[in-house]
S.K.: 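Please see the structure below; I have some questions.
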Amino acid sequence: MSRPLQLDPQGRLRHLLSMDELPRDLIVSILDRAAEFSEAVSGPDKKLPNLRGRTIVNLFFEPSTRTRSTFEVAAKRLSADVINLQVSASSTTKGETLLDTLKTMEAMQADMFVIRHDASGAAHFFAEHAAPGVAILNAGDGRHAHPTQALLDLYTIRARKGDPAGLRVAIVGDVLHSRVARSDIHGLRILGCKDIRVVAPPTLVPAGIEHMGVRVFHSLDAGLDGVDVVMLLRLQKERMLGAFLPSAAEFHRDFGLTRERFARLKPDAVVMHPGPINRGVEISGDLAYSERSLILDQVANGILVRMAVMDMILESRESGIGNRESKGGGGGF
Ligand code: ASP
């Protein structure tokens with residue numbers, strides 16, 4: 001389980017591996033800190049001294065646009081040094097290769113690794129083997145978890161719609177292959193959201209998902225009825241080994257957010273998508289950046305939430321062994 005790895009004995013964040021088992025207060029304090037960063041970087045000078053002298057390694061074994069670049073921007077806004085490694089993963093050489101990569105980068109005195117890998121559990125593996133002073137952030141492992149995506153989604157919902165506890169949220173599409181869906185469900189549940197719906201064709205719903213406290217719908221119109229937030233998911237063709245669907249066009253017809261369906265939503269309902277979008281599949285292209293689409297807010301908020309997580313983890317490591325003023329930065333924000 002993640003908890004003993006993720007939290008130190010004082011309950012502070014050590015590594016971020018998954019949303020399940022994160023205490024509610026900790027999630028709220030991450031969101032609050034992200035909000036403070038939003039204020040702090042709103043002027044022309046977006047650089048804060050918090051992580052000066054720290055080295056953060058982005059280790060991406062799978063492609064990424066938003067997550068990798070927003071982690072990099074976040075680290076740089078906090079004045080850390082950033083190394084980006086795009087590693088092509090061979091699933092046959094996993095175990096030892098991962099460990100060797102970790103140890104090699106640790107030898108360069110990295111303080112934190114941001115890891116994306118196609119194997120569920122890869123981030124746990126790193127956290128189990130990391131040296132005591134080294135933190136691991138999961139930037140997506142297989143179908144398992146994508147905790148910073150969930151945190152930025154919660155931040156975005158809270159900023160636009162208020163406390164998620166009182167909202168109706170529909171998660172629509174390829175839930176089966178989606179680490180985002182799993183992490184979002186955990187996060188929403190922990191923040192008290194009582195009406196979470198999963199809307200997908202039967203082939204794209206993981207068995208037993210009801211046990212996560214969600215209701216499953218196989219009709220999009222029924223699933224979207226009265227919702228405040230529609231979270232669309234990408235059809236993950238790269239993770240589909242068999243035929244899960246007749247065609248993308250058919251998926252769009254039955255489960256895509258079309259103009260007609262959008263018009264039937266509550267007038268203040270908002271639309272989200274973690275990206276990348278398959279235009280004309282999950283959502284009709286003209287809706288992607290509409291007034292009620294929060295897709296670009298999600299990208300921008302990803303920077304703030306990732307700043308908050310990196311700052312909180314490295315801050316908790318600093319306590320007792322000096323303080324950030326001694327790095328010449330003049331403190332946080
Ligand atoms: N970018 C998200 C992820 O890495 C969602 C997706 O790829 O569909 O999981």
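Ligands are counted one by one from 1 in listed order, and the atoms in each one are counted from 1 as well. Here the structure is a predicted model, which is why all the values come from computation and not from measurement.
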S.K.: State whether a side-chain donor-acceptor pair under 3.5 Å links Asp286 with Ser284.
M.R.: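 There is such a pair between these side chains.
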S.K.: Please identify which atoms of ligand 1 are closer than 4.0 Å to at least one heavy atom of Gln236.
M.R.: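 Under 4.0 Å from Gln236, ligand 1 has these atoms: 6 (C), 8 (O).
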S.K.: Could you tell me whether Arg264 and Glu260 have a side-chain N and a carboxylate O separated by less than 4.0 Å?
M.R.: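 Here Arg264 does not pair with Glu260 in a salt bridge, since their nearest N and O are not under 4.0 Å apart.
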S.K.: With a 4.0 Å cut-off on heavy atoms, does Gly140 reach ligand 1?
M.R.: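 Gly140: no contact with ligand 1 (<4.0 Å).
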S.K.: Of all the heavy-atom pairs spanning Val114 and Ala139, show the shortest one and how long it is.
M.R.: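 Shortest heavy-atom separation between Val114 and Ala139 comes out as CG1-CB, 3.7 Å.
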S.K.: Hey, is Gln149 one of the residues with a heavy atom under 4.0 angstrom from ligand 1?
M.R.: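 No heavy atom of Gln149 comes that close to ligand 1.
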S.K.: I'd like to check which ligand 1 atoms, numbered from 1 as shown, lie under 4.0 Å from a non-hydrogen atom of Val180.
M.R.: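 Under 4.0 Å from Val180, ligand 1 has these atoms: 2 (C), 5 (C), 9 (O).
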S.K.: For atom 6 (C) of ligand 1, which candidate among Arg66, Arg234, Arg179, Arg116 holds the nearest heavy atom?
M.R.: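 Result: the heavy atom closest to atom 6 (C) of ligand 1 is in Arg234.
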S.K.: Is it true that the NZ or CZ of Arg306 lies under 6.0 Å from the centre of Phe71's six-membered ring and within 45 degrees of the ring axis?
M.R.: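 Here Arg306 passes the 6.0 Å and 45° test against Phe71.
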S.K.: Which residue and non-hydrogen atom of the protein lie closest to atom 2 (C) of ligand 1, and at what distance in Å?
M.R.: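 In this structure, atom 2 (C) of ligand 1 has Gly275 O, 3.6 Å as its nearest protein heavy atom.
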S.K.: Between the side chains of Asp118 and Arg179, is the shortest nitrogen-to-carboxylate-oxygen separation below 4.0 Å, so that they form an ion pair?
M.R.: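 Answer for the salt bridge query: no.
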